[in-house]
Colleague: 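One structure, as structure tokens, below. Some questions next.
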Protein chains: 2
Amino acid sequence: MSKQGLEVVGQDATCCQGLAGAPLDEERASELAKVFKALGDPVRLRLLSMIASREGGEVCVCEMTPAFDLSQPTVSHHLKLLRQAGLIDCERRGTWVYYWALPGALDRLAAFLTTPQTAGVTA
Amino acid sequence: MSKQGLEVVGQDATCCQGLAGAPLDEERASELAKVFKALGDPVRLRLLSMIASREGGEVCVCEMTPAFDLSQPTVSHHLKLLRQAGLIDCERRGTWVYYWALPGALDRLAAFLTTPQTAGVTA
DNA sequence: ATGTTGCATCAACAAACGTCAATACAAGCC
DNA sequence: GGCTTGTATTGACGTTTGTTGATGCAACAT
């Protein structure tokens, strides 16, 4: 249940150039676009925020579904897209399924967007 | 020519909660989703990267159009979406139109995505 | 004025997306 | 076994998105 999922913003992605470092090549652009596309929906953003901001780190689907004015399959679908984007993962425990955020993905995305300091601080 | 454009990731957005700070409300989620949606296309990512990574800060459309295997109207359309998302702006100078990145937008987006340090470093 | 070049807008279409009702699957309970 | 509850998948639908050729507009050249 925790298979598939992009490795777009892979473990060693931090080493790579950011958006403003050098022009993106076609392949990397496509990979990154998938992740940003996953974030490009208000429902998914709220789901991800709900999960990422949770103290324990995990949120039960049974808690997310009623939080939206949407059908259960629709929420399930959005969760699937977030998972395929490599932003979250899940596990079934008994009857319920719990989702958690993969924080590394968010951090790497943030690093990718961060504009390199225009002066000094180059370390 | 430099009117319209979201102020989603507004000047004072850095003060606000990030994605993992607290669950997003519906309105803010919708605003942010528009920006991420703009980033959710490989062509637009490459255009933005091309612009943001440019030394002088500006890129002429006449230079971007031939860099893609797409028609001129398509490139123009993508540039429009990036502008409406508040990520870039442009100005006409004579016959040519120049685009530049609005770096604050990227930085604020990055800040929004950055997971709060899990321990210490709270300053 | 007329033509030329660079860019934006329009109209149209196929593909992708968000949504739902219906259905299937998984796990616990009787 | 069957029933009930929680979640995922399927199939269908209207809407949005990416793309293009045709057209319009702005600025320069002659």
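In what follows, chains are A, B, ... by sequence order, proteins preceding strands, each numbered from 1.
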Colleague: Roughly how many Å is it from CH2 in W96(B) to C1' in dC25(D), rounded to a whole number?
Modeller: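 After rounding, the reported distance stands at 17 Å.
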Colleague: Is the phosphate of dG6(D), meaning OP1 or OP2, less than 4.0 Å from a side-chain N or O of Y98(A)?
Modeller: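 Answer is no, no contact under 4.0 Å.
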Colleague: Could you list the cluster mates of W96(A)? Members are the ILVMFWY residues connected by side-chain heavy atoms closer than 4.5 Å, either directly or through other members.
Modeller: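 Cluster partners of W96(A): Y98(A).
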Colleague: At a heavy-atom distance below 4.0 Å, what parts of residues 53-66 of chain A sit against DNA chain D?
Modeller: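 Residues of residues 53-66 of chain A that come under 4.0 Å of DNA chain D are, in numerical order, C60(A), V61(A), C62(A).
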Colleague: My understanding is that only residues two or more places apart in sequence, or in another chain, count here; which of them pass salt bridge (Lys or Arg N to Asp or Glu O under 4.0 Å) with E58(B)?
Modeller: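 Counting only residues at least two positions away or on another chain, E58(B) forms a salt bridge (Lys or Arg N to Asp or Glu O under 4.0 Å) with R93(B).
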Colleague: Rounded to the Å, how far apart are R83(B) CZ and dT9(C) P?
Modeller: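 Taking atom P of dT9(C) as the reference, CZ of R83(B) is at 7 Å.
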Colleague: Can you name the side-chain contact (heavy atoms from CB on, under 4.5 Å) partners of S76(B), sequence neighbours left out?
Modeller: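 side-chain contact (heavy atoms from CB on, under 4.5 Å) check on S76(B) returns Q72(B).
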Colleague: For residues 44-57 of chain A, pull every pair meeting salt bridge (charged side-chain N to carboxylate O under 4.0 Å, His left out), keeping only residues two or more places apart or in separate chains.
Modeller: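 Listed by first then second residue: R54(A)-E63(A).
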Colleague: Take nucleotides 18-30 of chain C nucleotide by nucleotide from the 5' end and write B, S or -, depending on whether a protein heavy atom sits under 4.0 Å from the base, only from the sugar-phosphate, or from neither.
Modeller: SBBBB----SS--
Colleague: Starting at CZ of R46(B) and ending at P of dG18(D), how long is that distance when rounded to a whole Å?
Modeller: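 Spelled out: CZ on R46(B) to P on dG18(D) is 15 Å.
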Colleague: Would you call the rings of F112(A) and F36(A) parallel, tilted or perpendicular if under 30° counts as parallel and over 60° as perpendicular?
Modeller: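 Tilted: the ring planes of F112(A) and F36(A) meet at 30° to 60°.
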Colleague: Using whole Å, what does the distance between atom C1' of nucleotide dT16(D) and atom CZ of F36(B) come to?
Modeller: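 Going from CZ in F36(B) over to C1' in dT16(D) covers 20 Å.
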Colleague: Let me test you: for the helix from dA1(C)-dT30(D) to dC30(C)-dG1(D), what is the angle between the axes at its two ends (five pairs each), rounded to 10 degrees?
Modeller: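 Inter-axis angle at the termini of the helix from dA1(C)-dT30(D) to dC30(C)-dG1(D): 10°.
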Colleague: Taking only the side-chain nitrogens and oxygens of Y99(A), find out if one of them lies under 4.0 Å from OP1 or OP2 of dA8(D).
Modeller: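 True: Y99(A) side-chain N/O within range (under 4.0 Å) of dA8(D) OP1/OP2.
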Colleague: Output all residues satisfying side chain to side chain donor-acceptor pair (under 3.5 Å) with T74(B), sequence neighbours left out; order by chain, then residue number.
Modeller: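 Counting only residues at least two positions away or on another chain, T74(B) forms a side chain to side chain donor-acceptor pair (under 3.5 Å) with S71(B).
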Colleague: Is there a side chain to side chain contact (heavy atoms under 4.5 Å, CB included) between L48(A) and L19(B) once you walk through the steps?
Modeller: CA-CA 8 Å; L48(A) 181 57; L19(B) 205 173; 3.7 Å; yes
Colleague: Any heavy-atom pair between the side chains of L113(A) and L39(B) that's under 4.5 Å?
Modeller: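 Counting from C-beta outward, L39(B) and L113(A) do come under 4.5 Å.
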Colleague: To the nearest Å, give me how far apart CD (Q84(B)) and C1' (dT17(D)) are.
Modeller: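 Roughly 13 Å, once rounded to whole Å.
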Colleague: Checking E26(A) now: which residues fulfil salt bridge (Lys or Arg N to Asp or Glu O under 4.0 Å) with it, not counting sequence neighbours?
Modeller: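 Not a single residue meets the salt bridge (Lys or Arg N to Asp or Glu O under 4.0 Å) criterion with E26(A).
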Colleague: Under the side-chain contact (heavy atoms from CB on, under 4.5 Å) rule, collect the residues that match up with M50(B), sequence neighbours excluded.
Modeller: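 side-chain contact (heavy atoms from CB on, under 4.5 Å) list for M50(B), sorted by chain: M64(B), A67(B), F68(B).
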Colleague: Just do the side chain to side chain contact (heavy atoms under 4.5 Å, CB included) check on L87(B) and V35(B) with the steps written out, would you?
Modeller: CA-CA 8 Å; L87(B) 294 167; V35(B) 183; 4.1 Å; yes
